[in-house]
Amino acid sequence: MIRHHFYAEMGGQIADQGDVLFENEVIAQVVDVQRAPNGQHLHTVTVTKDFQVNDIVDLQVDMARHIAVSKNHTATHMLDQSLRLIIGGDVHQAGSLVEPDYLRFDFTNDGPVDATQLLAIEDLVNEKIAENLPISWVETDIETAQKMGAVAVFGEKYGETVRVVSIGDFNKEFDGGTHAKSTAELGLFKIVSESGIGAGIRRIEAVTGLVALQQYREESDTLKAIAADLKVQKPVESRVKVQQLQDDLRAAQRQNESLEAQLANQAASEVFNHVERVNDLTYITAQLDVSGMDGLRQVADNWKQDYPSDILVLAAEVSGKANLIVAVSPKGNQAGIKAGDLIKAIAPKIGGGGGGRPDMAQAGGKNPAGIADAFAAVNDFLSAK
């Protein structure tokens with residue numbers, strides 16, 4: 001035999017947990033409770049001590065956990081109502097999960113909820129928490145419940161008698177779960193995230209009470225640490241300081257690009273003087289000290305101004321890897337040389353691969369030590385033509 005009842009998992013609210021006691025001694029822990037087809041409560045327990053059939057035991061609910069879950073369940077009702085008031089339209093619940101330390105609420109909506117709306121939703125819930133609205137419930141027939149203005153959960157099936165939970169005059173819903181006694185018990189409400197989980201379905205995760213306070217505290221501590229790193233007196237000044245640093249960074253990047261272009265032009269003037277010949281075709285190979293593929297393309301663009309050779313092959317070592325670019329003049333293309341074919345022939349030398357158009361191709365590889373071999377392979381490729 002048992003005394004007291006645990007809440008069984010229903011409607012997104014998880015089951016109660018707690019202890020099984022015999023003669024005031026814990027003999028098992030209740031880890032889950034489910035409703036059987038005929039309404040029986042089926043308890044899943046982890047047994048720690050022996051007991052006998054017909055022993056009379058007490059079931060002791062973990063009330064701290066129960067209360068935390070109840071508060072978050074109340075918060076889901078308040079969130080549901082706020083979504084319908086702020087977003088409007090055909091927004092309705094598409095699922096929920098109520099845990100002791102957070103809540104999850106799924107709802108229909110065509111796209112993401114923007115930041116302004118999320119803030120308005122969060123503010124509305126917190127306003128109703130501050131108003132200390134009483135929470136009550138009655139059992140009645142469906143017709144009477146509907147006349148009361150109670151909202152049914154989309155997709156749920158109800159019997160002849162339903163339970164209606166009211167949060168002041170703010171919200172009335174069909175519901176069988178547990179709740180706080182008043183909204184003030186929630187203390188605080190904070191939206192943690194909003195995301196899409198499927199076509200037309202959005203998900204909000206939120207926290208309440210001390211968990212919400214801890215979230216705000218962690219964010220505040222992070223902002224204070226950022227302010228200290230930025231050497232500003234007040235955390236609110238961080239945004240202006242970050243904007244200034246971003247502006248300075250963009251200016252430095254523009255200056256760096258300008259200097260790199262100048263260096264590329266200087267390198268090009270020297271590179272273009274070293275022309276080699278195979279049969280009736282001329283080619284240039286050179287390894288340049290540039291920051292990446294953009295620098296190589298800059299030199300190739302300069303080469304295209306006068307075409308000092310029929311083929312150009314440039315390489316650079318960047319962060320321990322090799323970048324390779326091949327350019328072919330119109331004359332080279334007419335002679336049957338395609339940049340894509342050439343890059344595929346020489347890229348294995350740098351431990352990589354690539355491709356491109358007949359006039360321009362590029363490749364990357366993990367073996368910059370093979371650049372010299374790649375240049376030697378250019379001669380072999382052209383000699384075979």
Side-chain angles (χ1 to χ4, degrees), residues 86-87 109-124 126 188-196 202-207 212-271 286-305 312 314-325 327 352 354 356-357 360-366 368:
I86 301 297
I87 299 178
N109 202 48
D110 290 336
V113 182
D114 64 49
T116 301
Q117 288 180 315
L118 283 176
L119 183 59
I121 291 164
E122 188 175 87
D123 285 348
L124 181 55
N126 281 309
L188 186 63
F189 175 83
K190 184 181 192 313
I191 293 175
V192 176
S193 66
E194 191 274 346
S195 60
R202 308 297 298 179
R203 170 172 291 172
I204 284 179
E205 293 191 359
V207 290
L213 180 62
Q214 182 62 30
Q215 289 259 351
Y216 278 115
R217 182 166 294 167
E218 289 175 0
E219 291 177 5
S220 176
D221 290 345
T222 299
L223 188 56
K224 288 177 182 177
I226 291 172
D229 291 340
L230 294 173
K231 293 179 173 59
V232 295
Q233 294 297 318
K234 300 177 181 178
V236 292
E237 298 172 353
S238 298
R239 185 175 181 181
V240 174
K241 184 65 174 180
V242 169
Q243 185 61 54
Q244 291 174 348
L245 291 173
Q246 288 179 326
D247 291 342
D248 292 344
L249 178 60
R250 282 191 286 267
Q253 288 172 333
R254 287 193 295 270
Q255 183 178 25
N256 183 63
E257 290 170 359
S258 176
L259 290 172
E260 185 165 300
Q262 293 178 28
L263 291 172
N265 289 333
Q266 292 176 3
S269 63
E270 298 178 8
V271 165
Q287 181 172 347
L288 304 179
D289 184 16
V290 294
S291 62
M293 197 66 75
D294 287 342
L296 296 180
R297 276 193 288 266
Q298 177 69 43
V299 175
D301 288 341
N302 291 338
W303 172 82
K304 288 181 179 179
Q305 300 299 316
L312 176 69
L314 301 174
E317 180 177 350
V318 181
S319 301
K321 296 183 179 181
N323 286 346
L324 203 61
I325 196 167
R357 306 185 307 272
M360 181 77 74
Q362 66 185 48
K366 57 186 178 181

side-chain contact (heavy atoms from CB on, under 4.5 Å) involving Q255 - partner list, sequence neighbours excluded: L259
From D294 atom CG to I325 atom CD1, the distance as rounded to the nearest 0.5 Å: 9.5 Å
Residues which pass side chain to side chain donor-acceptor pair (under 3.5 Å) with R217, listed by chain and number, not counting sequence neighbours: none
Side-chain heavy atoms of V113 within contact of I121, under 4.5 Å: yes
Heavy-atom donor-acceptor pair, N323 side chain to A316 backbone, under 3.5 Å: no
Heavy-atom side-chain proximity of V240 to V232 below 4.5 angstrom: no
Euclidean distance, L213 CG relative to E218 CD, rounded to 0.5 Å: 10.0 Å
Verdict with supporting geometry, E194 and Q117, side chain to side chain contact (heavy atoms under 4.5 Å, CB included): CA-CA 11 Å; E194 191 274 346; Q117 288 180 315; over 6 Å; no
Contact list for residues 226-240, test salt bridge (charged side-chain N to carboxylate O under 4.0 Å, His left out), sequence neighbours left out: none
Heavy atoms from other residues, nucleotides or ligands near NZ of K304 exceed 12 (cutoff 6.0 Å): yes
Approximate separation, where rounding is to 0.5 Å, of R250 CZ and L245 CG: 10.5 Å
For A315 against L324, the heavy-atom pair lying closest together: CB-CD1, 3.6 Å
Closest approach of P368 to A322 (non-hydrogen atoms, all atoms of both residues): CA-CB, 3.7 Å
Minimal non-hydrogen separation, E122 against Y216, with atom names: OE1-OH, 3.4 Å
Test item: side-chain donor near acceptor, Q243 and D247, under 3.5 Å: yes
D289 atom CG: more than 12 heavy-atom contacts under 6.0 Å: no
Closest non-hydrogen atom pair between K224 and P235, with its separation: CG-CG, 4.0 Å
Donor-acceptor under 3.5 Å (E205 side chain, V192 main chain): no
Other residues, nucleotides, ligands: >12 heavy atoms within 6.0 Å of Q246 CD: yes
